[in-house]
Amino acid sequence: MASAAPIGDASAAPVGDASAEVRTRDAVARLILESGPLSAAALAERLQISAAAVRRHLDALVAQGRLSSREPRAAASRGQVSRGRGRPARTYALTDAGRAALPHAYDDLATTALRYLRESGGEQAVARFAEHRAAQLETTLLASGHLDPDAPDPDGLARALSSAGYASTTQSAVAGTQLCQHHCPVAHVAAQFPELCEAETRAFERVLGTYVQRLATIAHGDGVCTTHVPNHPHRQEAVSQ
């Protein structure tokens with residue numbers, strides 16, 4: 001993967017330059033959003049700033065509650081720099097507060113509207129709205145130009161989702177591919193209305209023409225929305241009976 005563009009003056013500015021500090025910290029958070037958990041060394045390399053500067057910004061973001069640090073899993077995390085036989089590098093991930101710092105201006109309004117819809121029209125009304133939104137997302141994904149209409153695949157879906165603001169990637173898994181969404185624009189709303197996640201999953205099935213399985217969601221407190229796409233498709237019509 002190509003390195004991110006250099007931060008430039010923002011990373012080299014004096015500590016007292018508040019605007020430069022904010023720009024650099026936002027760049028750190030944005031890169032973690034787009035790539036998933038990263039080590040300090042990987043961030044320094046990708047942003048082309050010093051390790052000392054990255055650690056200062058990471059400490060500030062952790063103190064603000066926007067990032068959390070974690071011990072890496074046994075398998076190497078994406079972007080982790082090898083440290084030979086030494087202890088694997090600690091990685092940093094966005095917290096709920098970190099995601100909330102991203103644009104979510106419509107969350108309160110959307111939640112209020114859906115509560116009213118449920119109170120006035122029942123659960124079926126919420127489900128119909130979720131399906132309507134999912135159908136709009138499906139149209140957006142198919143029109144993005146990232147999907148081969150004759151052979152849609154998880155990589156193309158990830159690119160289409162990224163263009164729609166979901167910061168998505170794929171990774172190989174046993175008997176299939178995992179589609180990872182590192183950002184969900186409606187996570188705070190979906191936490192109260194899981195119908196949105198369920199309808200979105202069905203939209204993925206329609207786009208890919210195969211059964212998929214949602215393994216984790218940001219709305220339920222997971223770090224990434226993860227969907228398993230099998231290597232050997234089971235046609236959607238066969239599993240929707």
Side-chain angles (χ1 to χ4, degrees), residues 1 32-38 67-68 70-80 88 91-100 102 104 126-127 130-131 133-135 137-138 140-142 144 146-147 151-241:
M1 182 180 294
I32 292 174
L33 166 69
E34 294 174 351
S35 301
L38 292 170
L67 294 182
S68 63
R70 60 176 67 169
E71 296 294 337
R73 297 176 181 174
S77 301
R78 187 198 330 273
Q80 180 175 307
T91 57
Y92 295 82
L94 278 176
T95 63
D96 288 341
R99 289 191 181 90
L102 298 168
H104 291 291
V126 175
E131 288 294 343
R133 177 188 174 274
L137 175 62
E138 180 183 352
T140 298
L141 296 174
L142 292 173
S144 68
H146 294 294
L147 286 154
D153 66 293
D155 290 332
L157 179 55
R159 291 191 293 272
L161 284 166
S162 291
S163 69
Y166 289 79
S168 301
T169 60
T170 59
Q171 61 184 37
S172 297
V174 176
T177 301
Q178 286 191 353
L179 175 69
C180 303
Q181 297 161 250
H182 301 283
H183 177 53
C184 175
V186 297
H188 291 77
V189 182
Q192 298 184 50
F193 297 93
E195 294 92 341
L196 294 173
C197 295
E198 295 162 6
E200 182 181 279
T201 303
R202 290 191 288 272
F204 292 171
E205 291 182 335
R206 292 193 295 269
V207 168
L208 295 174
T210 182
Y211 167 80
V212 304
Q213 182 181 10
R214 186 61 68 91
L215 303 178
T217 63
I218 294 171
H220 290 164
D222 300 298
V224 178
C225 293
T226 307
T227 305
H228 180 78
V229 183
N231 279 334
H232 302 290
H234 301 285
R235 299 302 300 175
Q236 180 188 339
E237 294 82 1
V239 299
S240 61
Q241 301 298 326

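The figures here come from the full heavy-atom set of this structure, side chains too, leaving out hydrogens, waters and symmetry mates.
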Check T95 against L67 and note the closest heavy-atom contact, atom names and distance.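 Looks like CG2-C, 3.5 Å.
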Using the side chain to side chain contact (heavy atoms under 4.5 Å, CB included) criterion, which residues pair with [X]? Sequence neighbours excluded.
X	value
E195	E123, V126, A130, F193, E198
A173	Q178, H228
S162	S168

Listed partners of Q213 passing side-chain hydrogen bond (donor to acceptor under 3.5 Å, both in side chains), at least two apart: none
Under 3.5 Å, which donor-acceptor pairs do the side chains of residues 217-224 form with other protein atoms, sequence neighbours left out?
| unit_1 | atom_1 | unit_2 | atom_2 | d |
| --- | --- | --- | --- | --- |
| T217 | OG1 | H220 | N | 3.2 |
| T217 | OG1 | H220 | ND1 | 3.2 |
| D222 | OD2 | T217 | N | 3.0 |

Quiz question: by atom type and distance under 3.5 Å, do the side chains of T227 and R214 form a donor-acceptor pair? yes
In Å and rounded to the nearest 0.5 Å, what is the [atom1] to [atom2] distance from [X] to [Y]?
X	Y	atom1	atom2	answer
H183	Y166	NE2	OH	8.5 Å
E205	E138	CD	CD	11.0 Å
L141	S163	CG	OG	7.0 Å

Is there a side-chain contact (heavy atoms from CB on, under 4.5 Å) between L142 and L147 once you walk through the steps? CA-CA 6 Å; L142 292 173; L147 286 154; 4.3 Å; yes
Donor-acceptor pairs under 3.5 Å, side chain of residues 151-161 to any protein atom, not counting sequence neighbours: which ones?
| unit_1 | atom_1 | unit_2 | atom_2 | d |
| --- | --- | --- | --- | --- |
| D153 | OD2 | D155 | N | 3.2 |
| D153 | OD2 | G156 | N | 3.3 |
| D155 | OD1 | T170 | OG1 | 2.5 |

Going by heavy atoms in the side chains, are [X] and [Y] under 4.5 Å from each other?
X	Y	value
Y211	T201	no
H182	S35	no
L196	R133	yes
I32	L94	yes

